[in-house]
Amino acid sequence: MATNLQYYLNNHHKDIKILYVEEEKFSREKLLRVLKRRFADVHAAIDDVEALQLYQRYQPDLIICDIKMNQLSGLEFINKMRALNEQVQIIATTTYDDQDAFIQSIANKVNHVIYKPIDLDFLLQAIQKSVYQMQIEKELAKQKKLARAILDFQDNPIFVIENDEIIEFNQAFSNFTGIRKSQTQLHKSKLLSSYFAEDSNYFYPNDMSRLYEEILETGKNAVKMHWKDTNSKDTIFLLKTAVIPGTNQYLFICNDITALEEESRMNRQLVLMDSLTNSINRLEMDDILEMEIRRAERLGQPFSIILIDIDFFKHVNERFGQQAGDKVLHTISTIVQQRIRESDIFVRWGGEEFIILTPGTDGNGAIELAESIRAIIEDFQFKDIDQITCSFGITEFTRGKAKNELILEADKALTQSKNNGRNCVTNYIQES
């Protein structure tokens with residue numbers, strides 16, 4: 001057995017550095033000769049003071065020490081070594097009758113304990129096991145570095161969350177967020193919420209600590225999210241997520257789809273925009289209204305709907321022709337869009353009907369806006385056409401209202417405006 005171990009150690013582990021600590025001269029010199037025949041890099045110390053100096057100078061892979069040194073107990077020395085290096089292999093030597101020292105050495109993370117007088121075969125076996133453990137740890141460290149290199153090679157931000165903490169991320173994630181690795185603490189996952197832009201067109205978590213669960217609740221393992229980087233630059237990510245097998249860790253991969261989303265948005269505009277009035281057409285209104293209801297309920301904010309109808313528009317087409325009617329539609333659309341805010345949504349609802357959706361605006365604000373638009377249209381001089389006026393119906397969203405209910409209320413208010421002689425604004429009043 002010893003011969004096989006000798007051959008194994010002689011031929012495979014010449015690069016292993018050993019620190020041997022023993023105060024008793026005869027024992028030290030005897031074992032030192034054995035070690036030096038098998039390892040090229042062996043250093044010996046007679047006490048803990050010299051041992052600490054040698055450790056700091058040579059950074060050994062393996063320490064063999066007696067746990068009965070005079071100036072400092074061997075266990076205290078081992079604790080100091082562990083504070084300097086958690087991975088260093090330690091073999092402790094002790095006397096047969098020192099059971100307490102044996103128990104304490106195990107408690108202090110000694111890798112192997114060898115009784116005195118030292119049996120060379122047992123010692124060589126312990127060294128072999130320690131060397132094998134070193135190889136495993138070095139291979140794991142190598143694999144970890146390789147995994148880190150692969151992660152950092154990815155252009156897509158990648159991060160891992162465990163117990164509401166960001167435990168791992170790559171360089172692309174760090175570049176995007178400005179978050180850096182900390183030696184003292186992990187970053188809380190809620191920190192990510194500062195990079196999420198609230199956008200009704202994209203997924204936005206209600207509870208950052210449930211990011212993974214909320215994504216799964218969508219019925220998919222990927223969602224589109226609107227993020228802002230450290231320079232407030234907008235980016236649209238397809239955020240993919242999965243559980244890392246055998247752990248409670250969640251992996252997130254962010255694929256940048258900003259360019260694709262912009263192209264999709266432009267194509268969608270071509271399909272969903274009314275070319276004559278440069279407004280959104282009716283096909284898109286359903287989704288817009290649904291998203292606005294969700295946003296308003298989440299934030300507790302109001303919004304209003306203004307339904308507009310051009311008075312006697314049929315007579316305009318009959319008297320002046322369809323080309324003149326198209327001109328009126330285009331002009332009124334321009335007047336409205338110049339008056340409303342960028343956040344307001346303007347929709348062509350029907351032939352001569354339009355809808356304005358006003359986020360964050362209550363009924364009184366909507367009445368004021370509608371009245372100003374009504375007055376501008378009434379005073380506007382349409383070329384070669386008699387005066388044009390519009391009627392308005394308004395309703396304000398309150399929690400619990402469905403989108404169809406809102407449209408119906410606005411239509412009832414518009415009907416009231418027509419019954420009142422047209423060219424006026426009516427706010428819907430709840431029927432008792």
Side-chain angles (χ1 to χ4, degrees), residues 1-139 141:
M1 178 68 177
T3 304
N4 291 336
L5 284 171
Q6 269 186 283
Y7 177 81
Y8 183 80
L9 293 169
N10 283 339
N11 290 279
H12 295 278
H13 303 298
K14 292 184 178 181
D15 59 334
I16 298 297
K17 291 182 288 186
I18 295 178
L19 172 61
Y20 176 42
V21 189
E22 171 62 67
E23 63 183 17
E24 205 281 312
K25 181 178 179 181
F26 176 77
S27 298
R28 183 176 66 251
E29 290 180 350
K30 180 182 177 181
L31 187 55
L32 197 56
R33 285 195 296 272
V34 174
L35 293 172
K36 285 186 174 181
R37 284 199 299 268
R38 290 161 173 80
F39 297 93
D41 200 347
V42 180
H43 306 278
I46 62 173
D47 56 29
D48 63 287
V49 175
E50 185 180 11
L52 286 170
Q53 292 173 347
L54 290 174
Y55 176 83
Q56 290 170 343
R57 183 183 304 170
Y58 297 107
Q59 298 293 310
D61 304 295
L62 171 64
I63 298 172
I64 304 171
C65 68
D66 179 18
I67 56 174
K68 283 293 183 181
M69 292 182 290
N70 288 333
Q71 295 187 25
L72 184 69
S73 81
L75 294 177
E76 290 182 19
F77 171 73
I78 289 169
N79 283 333
K80 280 198 170 187
M81 291 297 96
R82 280 282 175 250
L84 292 171
N85 185 349
E86 277 284 340
Q87 303 302 319
V88 68
Q89 290 285 310
I90 298 177
I91 298 175
T93 59
T94 184
T95 58
Y96 275 113
D97 57 352
D98 199 348
Q99 292 298 318
D100 182 60
F102 174 78
I103 294 171
Q104 289 295 321
S105 64
I106 296 301
N108 285 273
K109 300 180 181 179
V110 169
N111 299 99
H112 305 280
V113 178
I114 303 294
Y115 289 114
K116 288 183 174 182
I118 295 173
D119 183 299
L120 185 58
D121 275 352
F122 286 160
L123 177 61
L124 291 176
Q125 287 180 48
I127 292 174
Q128 182 188 20
K129 290 176 182 178
S130 288
V131 168
Y132 180 65
Q133 183 63 32
M134 282 182 244
Q135 284 185 320
I136 292 175
E137 289 172 356
K138 285 181 179 180
E139 185 62 28

- Where do E22 and L31 land on the side chain to side chain contact (heavy atoms under 4.5 Å, CB included) test, with the steps shown first? CA-CA 10 Å; E22 171 62 67; L31 187 55; over 6 Å; no

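- The closest donor-acceptor contact from the side chain of N111 to the backbone of I90 lies under 3.5 Å.
- For the atom pair CG of D119 and CD1 of I114, the computed distance is 8.0 Å after rounding to the nearest 0.5 Å.
- Among residues two or more places apart in sequence or in another chain, the side chain to side chain contact (heavy atoms under 4.5 Å, CB included) test is passed with K36 by L32, V42.
- A heavy-atom distance below 4.5 Å is found between the side chains of L120 and V34.
- From I118, atom CD1 reaches atom CG of D66 across 8.0 Å, with rounding to the nearest 0.5 Å.
- Atoms CZ and CG, from F77 and D47 in turn, are 9.5 Å apart once rounded to the nearest 0.5 Å.
- When all heavy atoms of A45 and E50 are compared, the closest pair comes out as CA-OE1, 3.6 Å.
- Atoms CE and CG, on M81 and D48 in that order, are 9.0 Å from each other to the nearest 0.5 Å.
- In this structure, Y115 OH and L123 CG are separated by 15.0 Å, a value rounded to the nearest 0.5 Å.
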Could you pull out every donor-acceptor pair under 3.5 Å between side chains of residues 56-65 and any protein atom, sequence neighbours left out?
| residue | atom | partner | partner atom | Å |
| --- | --- | --- | --- | --- |
| Q59 | NE2 | Y55 | O | 3.3 |
| Q59 | NE2 | Q56 | O | 3.4 |
| D61 | OD2 | K17 | N | 3.0 |

- Message: The test is side chain to side chain contact (heavy atoms under 4.5 Å, CB included); show your working for I18 and D41 and say whether it passes.
- Response: CA-CA 6 Å; I18 295 178; D41 200 347; over 6 Å; no

- Message: The test is side chain to side chain contact (heavy atoms under 4.5 Å, CB included); show your working for I78 and V110 and say whether it passes.
- Response: CA-CA 8 Å; I78 289 169; V110 169; 3.5 Å; yes

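- The only option from E29, K30, E24, K25 that meets the side-chain contact (heavy atoms from CB on, under 4.5 Å) definition with S27 turns out to be E24.
- For Q133 (side chain) and K129 (main-chain N/O), no donor-acceptor pair under 3.5 Å exists by modelled atom type.
- Remark: Q53 engages no residue in a side-chain hydrogen bond (donor to acceptor under 3.5 Å, both in side chains) (not counting sequence neighbours).
- Q87 is linked by a side-chain hydrogen bond (donor to acceptor under 3.5 Å, both in side chains) to nothing, counting only residues two or more places apart in sequence or in another chain.
- Of the inter-residue distances, the one linking I16 atom CD1 with R38 atom CZ reads 15.0 Å to the nearest 0.5 angstrom.
- No side-chain heavy atom of H43 sits less than 4.5 Å from a side-chain heavy atom of Y20.
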- Item | Residue pair K116, T93: steps toward the side chain to side chain contact (heavy atoms under 4.5 Å, CB included) verdict | CA-CA 6 Å; K116 288 183 174 182; T93 59; 3.6 Å; yes

